[in-house]
Each structure stands twice: as C-alpha cells, then as structure tokens.
Undergrad: 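My questions will all concern the structure given below.
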2 protein chains.
Amino acid sequence: MTKENVPSFLYLTAAQARTLAKRMPTEETLYELADLYKMFADSTRVRILSALQTQELCVLDLAALLGITQSALSHQLRILKQAKLVKSRREGKVIIYSLADAHVESIFKQGLEHVRE
Amino acid sequence: MTKENVPSFLYLTAAQARTLAKRMPTEETLYELADLYKMFADSTRVRILSALQTQELCVLDLAALLGITQSALSHQLRILKQAKLVKSRREGKVIIYSLADAHVESIFKQGLEHVRE
DNA sequence: ACTATATATGAACACTTGTTCATATGTTTA
DNA sequence: TAAACATATGAACAAGTGTTCATATATAGT
C-alpha cells in the first residue's frame with residue numbers, strides 16, 4: 001500500500017507533499033469517482049440518461065427514440081443499472097426504466113453548463 | 001441526418017416522441033458532454049485533476065506525488081490540455097500545470113457528492 | 001400448450017485507450 | 001557549445017469497451 005521508493009520531488013518538500021496529499025480525497029474515492037464518470041463517458045449512455053430525464057420509458061420505445069438496437073440498449077441498461085443510475089420495474093410484458101435518483105440530473109446539468117461554455 | 005425508417009414505438013405516439021426529443025439537448029451537445037466526462041473517466045486523470053485542485057505543480061512533482069511515470073503523466077497532461085481542463089506555463093526549465101477554470105472543481109465536487117452517497 | 005412479443009445475455013469482433021520504452025525537443029548551467 | 005535536466009512525443013503493445021448476431025428467458029394472448 002505504501003510507496004517503496006521515495007519519489008524525488010523538485011520543488012516540493014516531503015512535508016509539503018504530505019499535507020498536499022492529505023487535502024486530496026482517498027485514492028479509493030478517486031477510483032470510484034472515475035468509475036462514476038465512466039458511466040457518462042459514452043454517448044449512447046448519455047443519450048439514454050438524457051431521454052430518461054424527460055420521462056420513464058420502456059426498452060423498445062427508448063430504442064426507437066434513440067435509433068439504436070434493442071440489444072445494444074439492453075446491454076447499456078444493464079451497465080447503468082449496476083451503477084445504480086437507473087432502475088426498472090415490470091409492467092406486464094414490458095419493463096419500464098427510469099432514473100434512479102436526482103443525482104444523475106444534477107451531474108448532468110453541471111456538465112452541460114461546462115459544455116455550453 | 002433524419003431517420004429513414006420510422007421507428008415503431010410501443011406506447012409513445014409519434015407526436016409524443018417529437019416533443020420528448022425536443023426536451024432533450026442536441027445530439028451534438030450530448031456527444032460533447034460524453035467527451036467531457038471521458039476526461040474524468042480515468043483514474044490517473046482524476047488523480048491529476050485532484051492534485052492540481054490543491055495547488056499548481058510541475059510535471060516531475062506531480063509524477064512523484066502520484067507515483068506515475070513522467071511519460072504517462074505527460075501524455076495525460078496533453079489530453080487534459082487539449083480538453084482545456086488544465087493550462088500550463090513555463091518557468092525556466094520547468095513547466096507548471098494548473099486547472100484551467102473553476103468548472104473542473106464544480107464538476108468534481110458534484111461527482112464526489114454522489115460517490116460519498 | 002403454442003405463438004407472439006418484450007427484454008436479456010453470451011460470444012465474437014472491431015475499436016479505443018492508457019502505459020511503456022526509446023528518443024526528441026527545449027532550457028539552463030558549466 | 002556541451003552536458004545535464006525537464007518535458008514531450010511516436011510507436012508498439014495490452015487491456016478494456018461497445019456493438020452485433022444469435023439465442024435465451026419471460027410474459028400475454030389465443
């Protein structure tokens with residue numbers, strides 16, 4: 001877990017490096033953060049999430065709306081569900097997907113602000 | 001640009017699908033959004049951005065701090081710079097990197113809130 | 001029970017992406 | 001101007017990822 005070879009800093013003293021590291025989130029947290037953003041890092045998934053933001057939808061309607069294969073969509077929905085970004089419920093023959101919580105929306109909006117400069 | 005084959009909706013009427021689509025951001029915007037999140041979707045880059053959030057740093061100090069190769073770091077810094085998430089300035093022999101703007105920080109915090117549940 | 005419909009899943013494949021290694025560029029100091 | 005140092009970059013490689021195709025599962029209607 002600890003570094004074996006002490007890295008050689010150029011300007012930073014070892015003490016400065018330590019306090020700097022303390023001000024950062026845990027490595028584990030940063031890994032989780034990267035994993036979260038991976039979900040948003042694919043255009044198909046972003047489009048899925050964006051559509052579900054307007055209203056809940058069943059798989060075929062979602063596929064038709066976005067113009068993608070049912071299979072491709074299903075695979076992505078599974079990934080999004082595992083990440084707890086979407087949830088689903090069955091209604092007869094059909095399974096309806098919706099956003100899991102409000103966090104997705106706020107992450108989304110934050111990103112859009114940046115993109116739209 | 002337009003779909004040739006009208007998709008067959010299950011519950012959605014064509015009119016509903018249209019209004020729904022109008023409430024979504026442009027496809028182009030969603031692509032840009034995915035590209036933005038791609039920057040945060042790698043743990044190395046997240047760690048770089050996290051470190052730069054505490055203070056500006058030169059490449060070697062950053063490499064030492066994160067325990068990664070100078071080469072790997074340099075590659076990632078180039079990617080982050082192209083995405084306009086970091087900027088750099090030369091100071092003598094050394095090149096110092098810092099965050100490009102405050103947006104990075106807010107995107108970061110938004111994600112952390114979700115990760116920390 | 002059989003058929004049609006809606007969704008899920010496994011395997012294969014192409015494509016992308018991050019790291020490493022070697023080397024190039026650019027700056028300072030002797 | 002040579003040597004030392006800091007950073008950048010190209011090519012090669014390994015690992016990861018998204019789509020497609022075929023097929024499986026599950027529910028509804030006849």
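So that the names make sense, note that chain A is the first sequence line, chain B the second, and so on, each numbered from 1.
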Undergrad: Any donor-acceptor pair, under 3.5 Å, between the side chain of B/H75 and the base of C/dT20, if you only look at N and O atoms?
TA: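 When only heavy-atom distances are counted, B/H75 does reach the base of C/dT20 through a donor-acceptor pair under 3.5 Å.
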
Undergrad: Closest nucleotide of DNA chain D for A/D42 versus for A/E91: which of these residues is on the 5' side?
TA: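 This one resolves to A/D42.
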
Undergrad: Send over the distance from A/L77 CG to D/dT19 C1', rounded to a whole Å.
TA: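 My rounded result for the distance is 14 Å.
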
Undergrad: Taking atom P of C/dG10 as reference, at what distance in whole Å does atom CD1 of A/I79 sit?
TA: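 To the nearest whole Å, that distance equals 13 Å.
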
Undergrad: Taking the six-membered ring for Trp, are B/Y37 and A/Y37 parallel (under 30°), tilted (30 to 60°) or perpendicular (over 60°)?
TA: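 Because their plane-to-plane angle is under 30°, the rings of B/Y37 and A/Y37 count as parallel.
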
Undergrad: Measure CZ/B/F9 against C1'/C/dT5 and give the value in whole Å, please.
TA: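 Computing the B/F9:CZ to C/dT5:C1' distance gives 18 Å.
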
Undergrad: Can you measure B/I68 atom CD1 to C/dT17 atom C1' for me and round it to whole angstrom units?
TA: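 The answer, rounded to whole Å, is 15 Å.
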
Undergrad: I want to check one thing: is the phosphate of C/dT20, taken as OP1 and OP2, less than 4.0 Å away from some side-chain N or O of B/T69?
TA: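 Yes, because at least one side-chain N or O of B/T69 sits under 4.0 Å from OP1 or OP2 of C/dT20.
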
Undergrad: For the residue pair A/S98 and A/K87, confirm or rule out a side-chain donor-acceptor distance under 3.5 Å.
TA: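 Side chains of A/S98 and A/K87: no pair found under 3.5 Å.
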
Undergrad: Quick check on B/E28: does its CD atom have over 12 non-hydrogen neighbours (other residues, nucleotides or ligands) under 6.0 Å away?
TA: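 No.
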
Undergrad: Please determine if a side-chain N or O atom of A/R90 lies less than 4.0 Å away from the OP1 or OP2 oxygen of D/dA26.
TA: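 Checking A/R90 against D/dA26: no side-chain N or O falls below 4.0 Å of OP1 or OP2.
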
Undergrad: What nucleic acid atoms does B/L10 come within less than 4.0 Å of, heavy atoms only: base, sugar-phosphate, or nothing?
TA: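 It contacts sugar-phosphate atoms only.
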
Undergrad: When the distance from NZ of A/K81 to C1' of C/dA8 is rounded to whole Å, what number comes out?
TA: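 Whole-Å distance recorded here is 11 Å.
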
Undergrad: To the nearest angstrom, how far is A/L80 atom CG from C/dT7 atom P?
TA: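 Roughly 16 Å, once rounded to whole Å.
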
Undergrad: How long is the gap from CZ on A/F9 to CG on B/D61, to the nearest 0.5 Å?
TA: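 One gets 6.5 Å once the value is rounded to the nearest 0.5 Å.
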
Undergrad: Look at the side chain of A/V94 and decide which nucleotide, out of D/dT20, C/dA8, C/dA6, has an atom nearest to it.
TA: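 Between D/dT20, C/dA8, C/dA6, the one nearest the side chain of A/V94 would be C/dA6.
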
Undergrad: Just wondering, do B/V104 and B/F40 contact through their side chains at under 4.5 Å, heavy atoms?
TA: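 SC-SC contact between B/F40 and B/V104 confirmed.
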
Undergrad: Select base, sugar-phosphate, or nothing to describe what B/Y97 touches, counting heavy atoms under 4.0 Å on all strands.
TA: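 Sugar-phosphate, backbone atoms only, no base.
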
Undergrad: Given atom CG of A/L60 and atom C1' of D/dT27, what is their separation to the nearest angstrom?
TA: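 In whole Å, D/dT27 C1' lies 14 Å from A/L60 CG.
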
Undergrad: If you pin A/Q70 and A/R45 to their nearest nucleotides in DNA chain D, which one's is more 5'?
TA: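 Checking each residue's closest nucleotide, the 5'-ward one belongs to A/R45.
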
Undergrad: Given that A/S71 and A/K93 both sit by DNA chain C, which one's nearest nucleotide is further toward the 5' end?
TA: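 Of the two residues, A/K93 wins.
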
Undergrad: Roughly, in whole Å, what's the span from CG in A/D61 to C1' in C/dA6?
TA: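 Distance check: A/D61 CG to C/dA6 C1' gives 11 Å.
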
